[in-house]
Amino acid sequence: MDQRNFHPESLMMTHGYKPELSEGAIKCPIFQTSTFVFKSAEEGKSFFQVAYGKREKEPNEELGLIYSRLNNPDLQILEERLCLWDQAEECAVFESGMSAISTVMLEFLRPGDVLLYSKPVYGGTDHFINKVLPQYGINGIGFTSSQSLEEITEMVKSKGAEDKVKMVFVETPANPTNTLFDLEVCRMVADQHSRNEDKVIVCVDNTYMGPLWQHPLAHGADLVVYSATKYIGGHSDLIAGAVLGNVSLMKRVRTLRTFLGNMTGPWTGWLLMRSLETLKVRMTKQAENAEKVAGFLQNHPKVEKVYYLGNLMPGDPQYAVFKKQMTSAGAMLSFDIVGGEKEAFSFLNNLKLIKLAVSLGSTESLVEHPATMTHSDVSEEDRNLLGISEKLVRISIGVEHYSDIIWDIEQALAIDI
């Protein structure tokens with residue numbers, strides 16, 4: 001194996017795991033334990049020195065196991081495998097996507113700081129930025145994909161925040177509109193507001209694309225966050241999050257995770273390792289299905305507009321971003337139904353195969369109404385500005401046979417109200 005660089009999907013079954021340490025078990029067992037026994041007091045001292053940053057780990061030294069709030073074999077192996085997709089130096093897994101996002105923001109932002117963030121973002125993220133962070137003296141300034149580098153710079157200047165920006169948080173594609181943001185532009189915005197060693201962090205929520213279809217670290221991001229509940233977990237049976245980046249930034253993220261205590265548990269870690277083995281197969285099938293579903297919706301008389309990356313055309317600035325940053329149109333699509341909330345609800349209520357539920361990226365197709373569900377707490381002004389209207393429906397395409405998904409959509413749209 002030393003003579004070949006295997007693809008990530010080939011390594012998801014074995015990377016980081018030594019069967020000889022677990023009685024030869026082909027799969028990593030669930031290490032359902034809170035604490036680990038030291039061979040000696042000297043060993044315990046050595047492990048804690050590394051864990052608390054009192055000394056650097058020696059070359060080829062493996063991180064000693066101490067306590068499952070700090071480290072656990074299931075989490076450690078999972079984190080090593082997640083790094084392969086994004087070619088990250090380190091990863092830390094969390095109890096949820098929101099715990100990953102909130103930990104990053106709390107670690108790199110302080111009272112008086114300003115967070116620049118893309119609009120729209122997931123409703124929970126929007127709530128944390130606009131309702132929670134201001135209670136700690138941290139304010140957010142939102143920008144849209146239609147704003148240029150110069151316009152964003154001028155907006156920040158007009159708000160007197162030139163020296164206060166400490167992080168640029170980007171969700172691309174944006175939930176629920178599939179709007180794209182150019183990560184290289186976001187990097188330039190961050191660099192404009194960096195001062196000497198005080199570097200502005202670019203953090204990207206890559207949940208919509210999963211680890212397969214977009215790699216933000218290669219486009220200037222410092223950190224990548226995921227709701228691992230979605231494509232990484234992929235089976236609607238766990239809640240988890242992840243953060244990835246370089247060693248120096250991840251040391252800060254991991255340290256705060258240790259003392260907030262919001263790491264995920266070994267059972268969830270084991271489930272995520274199981275899911276990683278089929279991640280590429282699942283996501284590839286979902287993307288293939290989404291292309292066919294989008295094609296059907298595009299020509300339906302009861303559909304006003306389809307928000308699907310595969311529909312972008314050359315000449316559109318969004319198309320250029322898509323081709324630069326992504327390898328697939330993904331499996332998320334939204335559409336405006338002719339009418340409003342009444343027509344949207346009728347469609348949702350008459351589906352038979354597709355499940356009416358929030359979340360995304362799972363094996364089953366899921367549908368929801370963003371304006372009254374996931375994004376109901378977003379300000380009405382922003383919902384109107386960003387196109388999160390009463391007629392907007394969001395669908396996460398699963399692995400069912402595409403013809404069955406289309407049949408279900410067709411019959412639900414055919415019902416007159």
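Given the structure is predicted, the values throughout are model-derived calculations rather than measurements. All values below come from the heavy atoms of this structure, side chains included, with hydrogens, waters and symmetry mates left out.
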Could you give me the CA-CA distance, side-chain angles and deciding distance for Phe143 and Phe181, then say whether ring pair (Phe, Tyr, Trp, His ring centres under 6.0 Å) is met? CA-CA 10 Å; Phe143 63 94; Phe181 289 83; 5.7 Å; yes
Does a salt bridge link Lys302 with Asp336, judged by any charged N lying under 4.0 Å from a carboxylate O? no
Pair Gln192-Thr153, side-chain donor/acceptor within less than 3.5 Å: yes
Closest approach of Leu309 and Met209, non-hydrogen atoms and distance? CD1-CE, 4.1 Å
With no hydrogens and no angle check, is any side-chain donor or acceptor of Glu277 less than 3.5 Å from a backbone partner on Glu9? no
For Val93, is there any backbone N or O sitting under 3.5 Å from a side-chain donor or acceptor partner on Glu79? yes
Worked verdict on Leu297 versus Ile409 for side chain to side chain contact (heavy atoms under 4.5 Å, CB included): CA-CA 9 Å; Leu297 287 170; Ile409 295 172; 3.8 Å; yes
Have Ser248 and Lys251 got a donor and an acceptor in their side chains that come within less than 3.5 Å? no
Using a 4.5 Å cut-off on heavy atoms from C-beta on, say whether the side chain of Pro73 contacts that of Phe36. yes
Gln76 CD to Arg81 CZ distance, which is reported to the nearest 0.5 Å: 12.0 Å
Between His215 and Asp86, do the side chains contain an N or O donor and an N or O acceptor separated by less than 3.5 Å? no
Does NZ in Lys159 sit with more than 12 non-hydrogen atoms of other residues, nucleotides or ligands closer than 6.0 Å? no
Is there a donor in the side chain of Glu341 and an acceptor in the side chain of Thr372, or the other way round, less than 3.5 Å apart? no
Side-chain ion pair, Lys157 and Glu162, N-O less than 4.0 Å: no
Using side-chain heavy atoms (C-beta onward) and a distance below 4.5 Å, is Asp126 in contact with His375? no
Considering non-hydrogen atoms only, spot the tightest contact between Gly387 and Leu392 and give its length. O-CD2, 3.9 Å
Is the number of heavy atoms from other residues, nucleotides or ligands under 6.0 Å of Lys323 NZ greater than 12? no
Using the ring pair (Phe, Tyr, Trp, His ring centres under 6.0 Å) rule, take Tyr231 and Trp213 through it: C-alpha gap first, then chi angles, then the decisive distance, then the call. CA-CA 11 Å; Tyr231 288 107; Trp213 297 322; 5.6 Å; yes
Whether the side chain of Asn289 engages the backbone of Gly398 through a donor-acceptor N/O pair (distance < 3.5 Å, no angle test) should be reported. yes
Ignoring hydrogens and geometry beyond distance, is a side-chain donor-acceptor pair present between Asn246 and Glu90 at under 3.5 Å? no
Taking atom types as modelled, find out whether Tyr117 and Asn130 have a side-chain donor-acceptor pair closer than 3.5 angstrom. yes
Any donor-acceptor pair under 3.5 Å from Gln298 side chain to Gly295 backbone: no
I'd like to know if Arg282 pairs up with Glu364 as an ion pair, taking the criterion as any Lys NZ or Arg NE/NH1/NH2 lying under 4.0 Å from an Asp or Glu carboxylate oxygen. no
Counting C-beta onward and ignoring hydrogens, is there a side-chain heavy-atom pair between Val114 and Lys166 closer than 4.5 Å? no
Answer whether the closest heavy-atom distance between the side chains of Pro317 and Val321 falls below 4.5 Å. no
Please say whether more than 12 non-hydrogen atoms of neighbouring residues, nucleotides or ligands are located less than 6.0 Å from CD in Glu291. no
Interatomic spacing from CG in Leu70 to CE in Met263 - rounded to 0.5 Å: 9.0 Å
Under a 3.5 Å threshold, yes or no: a donor from one side chain and an acceptor from the other, between Asp205 and Thr125? no
Closer than 3.5 angstrom, by distance alone: can the side chain of Asp377 be matched with the main-chain N or O of Gly123 as a donor-acceptor pair? no
Non-hydrogen side-chain atoms of Thr177 and Ser334 separated by less than 4.5 Å: no
Nearest 0.5 Å please: distance from the CG atom of Asp182 over to the OG atom of Ser145. 10.5 Å
Beyond-backbone contact of Arg187 with Asp222, side-chain heavy atoms, under 4.5 angstrom: yes
Asp382 vs Lys119 side-chain heavy atoms within contact, under 4.5 Å: yes
Hey, does Ile239 have a side-chain heavy atom less than 4.5 Å from the side chain of Thr264? no
What distance separates His15 NE2 from Leu276 CG, expressed to the nearest 0.5 Å? 11.5 Å
Side chains of Asn384 and Glu381: any donor to acceptor distance under 3.5 Å? no
Are any of the side-chain nitrogens in Asp191 or Lys199 under 4.0 Å away from the carboxylate oxygens of its partner? no
Just checking Phe128 against Phe169, ring centres under 6.0 Å apart? no
Taking atom NZ as the centre, does Lys352 end up with more than 12 heavy-atom neighbours from other residues, nucleotides or ligands that are less than 6.0 angstrom away? no
Donor on one side chain, acceptor on other, Tyr122 and Asn175, under 3.5 Å: no
Answer yes or no: are there more than 12 heavy-atom neighbours, outside Glu380 itself, under 6.0 Å from its atom CD? no
Could you tell me whether the side chain of Thr278 and the main chain of Val281 form a donor-acceptor pair under 3.5 Å? no
Any donor-acceptor pair under 3.5 Å linking the side chain of Ser396 with the backbone of Leu366? no
Evaluate the criterion side chain to side chain contact (heavy atoms under 4.5 Å, CB included) for residue pair Val189 and Leu149; output intermediate values, then yes/no. CA-CA 7 Å; Val189 170; Leu149 172 64; 3.3 Å; yes
Polar side-chain atom of Glu171 near backbone of Tyr208 as donor-acceptor pair, under 3.5 Å: no
In Å and rounded to the nearest 0.5 Å, what is the NZ to NE2 distance from Lys391 to His369? 11.0 Å
Which of these, Val393, Leu356, Ile415, sits in a side-chain contact (heavy atoms from CB on, under 4.5 Å) with Phe347? Val393
Polar side-chain atom of Ser22 near backbone of Pro19 as donor-acceptor pair, under 3.5 Å: no
For a quick check under 3.5 Å, do Ser10 and His7 share a side-chain donor-acceptor pair by atom type? no
Within a reach of under 6.0 Å around CD1 of Ile26, are more than 12 heavy atoms found that belong to other residues, nucleotides or ligands? no
Is the backbone of Pro29 close enough, under 3.5 Å, to the side chain of Trp270 for a donor and an acceptor to pair up by distance? no
When you compare the side chains of Tyr67 and Asn72, does any donor N or O come within less than 3.5 Å of an acceptor on the partner? no
Rounded to the nearest 0.5 Å, what's the gap from OG1 on Thr172 to CG on Leu180? Could you check? 4.5 Å
Does atom CD of Gln87 have more than 12 heavy-atom neighbours, drawn from other residues, nucleotides or ligands, at distances under 6.0 Å? no
